[in-house]
Every structure is written in C-alpha cells, then in structure tokens.
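None of these values were measured; they are calculated from a predicted model. Quick note: numbers below take in every heavy atom, side chains included, and nothing from hydrogens, waters or symmetry partners. Atoms within a ligand are numbered from 1 in the order they appear, just like the ligands themselves.
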Amino acid sequence: MKTVVTTAYRLTPETSADARQIASELGLIFVERRKKSIGKIQAETGADVVAVTKERLEFYLRGKTEPFFFHPSSAAFRTRRPLEEDPLVSVSGLAPGDAFLDCTLGMGSDAIVASARVGAAGRVTGCEANPIIAYIVQRGLRIYTELAHLIEPMRRIQVVQADATTYLASLPDESVDVVYMDPMFTEPIAGAANFEVFRDAAAVDQLSALWVREARRVARKSIVLKAHFRSEDFEKYGFERRVRPNTKFHYGVIR
Ligand SMILES: C[S@@+](CC[C@H](N)C(=O)[O-])C[C@H]1O[C@@H](n2cnc3c(N)ncnc32)[C@H](O)[C@@H]1O
C-alpha cells in the first residue's frame, strides 16, 4: 500500500524538517501540505498519509478522516493497579528482572504493562510487522510525556520492525523469559475510531506451527497467546486456555 508523508496544516520550520527526515527514514515520499486537507492529499496521491504534527504522528488510511496515533491505551489504567494482578502478568508468570518479547507490539499497551512489571533490571522487546505502526509506536514510546509513571517503562522498550517468526528464528535458544503473541482477531469487534484505523492497517497474520515452534525454542518460562474467546488456536497449538468469564478474549499459556 502506498503511503506519503506530509506536515500539519499549519506549517512550522521544525515540523517541515521533521517530516522530511521521517519520510526519508521510512523510505517514503514527502509531499508539501500547502494547506490542503488530508482527504485532498489522499485523493491526489492515491496514498495513505502520515501527517507530522508538533505533538505526534498521525496515520490516515485512504478514505478515513480519523487518524491512528500513539497513545498508551489500556496501559494507562492497568499500570495503576497491582501489576501482579494484571491478567497478562499473572498468566505469564512475568517477574521483575525478566526478559519479555512481545511478538505483536501493535499500539504497545501490553508491552508497556510488561515493561512496568520487569522494571529497570528487565528487558522488553516489541516486534511489529507493519513498518508505519512500528515507527509511530517507537517514536511515541520515545517522546511521550503525559502520564509520569509510564515514561520510564515506555523508554525502556526496544522496537523491532520485523515479522515475528523471522525475528524469533534469529534469537538463541532460551534467550527470553516470556514470549507473547496477540494477533489481530479475525472476529470483528467494535472499537473506537482510532482502533478501527489501526485494525485496517495492521498485519492480520494468524499463529502458525512454525511461529509456535520458534517461540517454544526461545522461551525459558512461558509462551502466552491472547485470542478471541471463539479462537480454536489455543487447542490447535497446545495452549492451556484461561477462561475469563464475560470477556471477548482469553489468554492461553504453554509453560
Ligand atoms: C492485536 S494487535 C496487538 C496489540 C498489542 N498487544 C497492544 O497491546 O497494543 C496485533 C499487532 O500485531 C501485528 N502483527 C500481525 N502479524 C504479525 C507478525 N507476523 N509479526 C509481527 N507483528 C505482527 C499487527 O500489525 C498488529 O499491530
């Protein structure tokens, strides 16, 4: 899918330089905004648009007026509760000092919770297949300043833009404590406008035997799968399913 980079509607010298730099880092074409609407740029270029504003990167898919941008999402409230009670932490057994690999970084909320849990002595890597999502989230994790308690956990996350199975294959045996995967649900679920754009842009790969085999080789402690409650992947790949009454998704674990 073609994507171009432009600036905010109101141009400043900084955002212009920033936008050109980001276009070059992503290997994308930079387009002057010239006070055009995003819709006009989408129509003229036939492309999705990344708009660089002073505060954030906004990703507008063709035909959409709502952008995807980085925000901590559920990590904002999950990190205010006792972390050992967070379902991802308790299912995985993730402990302070652990190394955590999130194979499907997405918006980064699970990785932020994991980073808060493992602390400064631990390590969190987030792998994301979509290069634009990976870039926007990596930058958000680096520059976010709103909720003070999230800043350090965010800064510690290493983002890798890669396919998860390929990335896992590059890692040594038993080199991380917990490997986590949260592929896109195939069942449609309602979400906020920001999530809908994310859903349309995200890679929709589902688990494969190779992905799980590589995860088993790399994980020391556990492999955790989050999937829709109707997903048959838990049983298909040998995860012990943790049923969560009245929730749309379940966790599964291989120890
Ligand atoms: C449901 S989202 C993950 C949400 C994430 N757990 C969070 O807390 O925000 C799934 C993400 O995985 C990415 N993805 C899908 N297949 C992938 C693959 N094979 N390798 C790496 N990332 C993948 C998608 O692009 C999407 O961003």
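Under the 4.0 Å criterion applied to side-chain N and carboxylate O atoms, D86 and R81 are not assigned as salt-bridge partners. Ionic pairing of D48 and K64 is not present here: no N-O contact between side-chain nitrogen and carboxylate oxygen is shorter than 4.0 angstrom. The pair K54-E14 fails the salt-bridge criterion, with no side-chain N (NZ, NE, NH1 or NH2) lying under 4.0 Å from an Asp/Glu carboxylate O. Between R217 and E214, at least one side-chain N (NZ, or NE/NH1/NH2) sits under 4.0 Å from a carboxylate O, which counts as a salt bridge.
In this structure, atom 8 (O) of ligand 1 lies nearest to the protein heavy atom D110 N, 2.9 Å. Of the protein's non-hydrogen atoms, E128 OE1, 3.3 Å is the one closest to atom 13 (C) of ligand 1. Residue, atom and distance of the protein heavy atom nearest to atom 9 (O) of ligand 1 are M107 N, 3.0 Å. Protein heavy atom in closest approach to atom 3 (C) of ligand 1: T104 O, 3.3 Å.
Taking any N or O of A203, backbone or side chain, at least one lies under 3.5 Å from an N or O belonging to ligand 1. The shortest N or O to N or O distance between A164 and ligand 1 is under 3.5 Å. The shortest N/O to N/O separation between G108 and ligand 1 falls below 3.5 Å. On a distance-only criterion, W211 and ligand 1 share no N/O pair closer than 3.5 Å. Every N/O-N/O distance between M184 and ligand 1 stays at or above 3.5 Å.
A donor-acceptor pair under 3.5 Å is absent between the side-chain atoms of Q42 and the main chain of A47, judged by distance alone. The backbone N or O of A99 lies less than 3.5 Å from a partner atom in the side chain of D177, making a donor-acceptor pair. In this structure, S231 contributes its side chain and A227 its backbone to no donor-acceptor pair below 3.5 Å. Proximity of a side-chain donor or acceptor of Y60 to a complementary backbone N or O of G63 within less than 3.5 Å is not detected.
In the candidate list I112, D182, I132, N130, D182 is nearest to atom 10 (C) of ligand 1, counting heavy atoms. Around atom 7 (C) of ligand 1, the closest heavy atom drawn from P183, A201, S208, S109 belongs to S109.
Both L88 and L141 are assigned to one and the same hydrophobic cluster, defined by single-linkage of ILVMFWY side chains at heavy-atom distances under 4.5 Å.
Those atoms of ligand 1 that come under 4.0 Å of a heavy atom in A162, given as number and element, are 20 (N), 21 (C). With ligand atoms numbered from 1 in the order given, ligand 1 contributes 16 (N), 17 (C), 18 (C), 19 (N) to contacts under 4.0 Å with heavy atoms of D205. Numbered from 1 in the order shown, with element, the atoms of ligand 1 that lie under 4.0 Å from a heavy atom of A129 read 17 (C), 18 (C), 20 (N), 21 (C), 22 (N), 23 (C).
The side-chain tip of R242 does not point at the ring of Y251 from less than 6.0 angstrom away and within 45° of straight on.
Using 4.0 Å as the threshold, L105 has a heavy atom nearer than that to some atom of ligand 1. A heavy-atom separation below 4.0 Å is found between F198 and ligand 1.
At a heavy-atom distance under 4.0 Å, no atom of A111 approaches ligand 1. Residue contacts with ligand 1, taken as heavy atom pairs separated by less than 4.0 Å, do not involve A75 at all.
Note on ring orientation: taking the six-membered ring where Trp is involved, the planes of F70 and Y144 are perpendicular (angle over 60°, cut-offs 30° and 60°).
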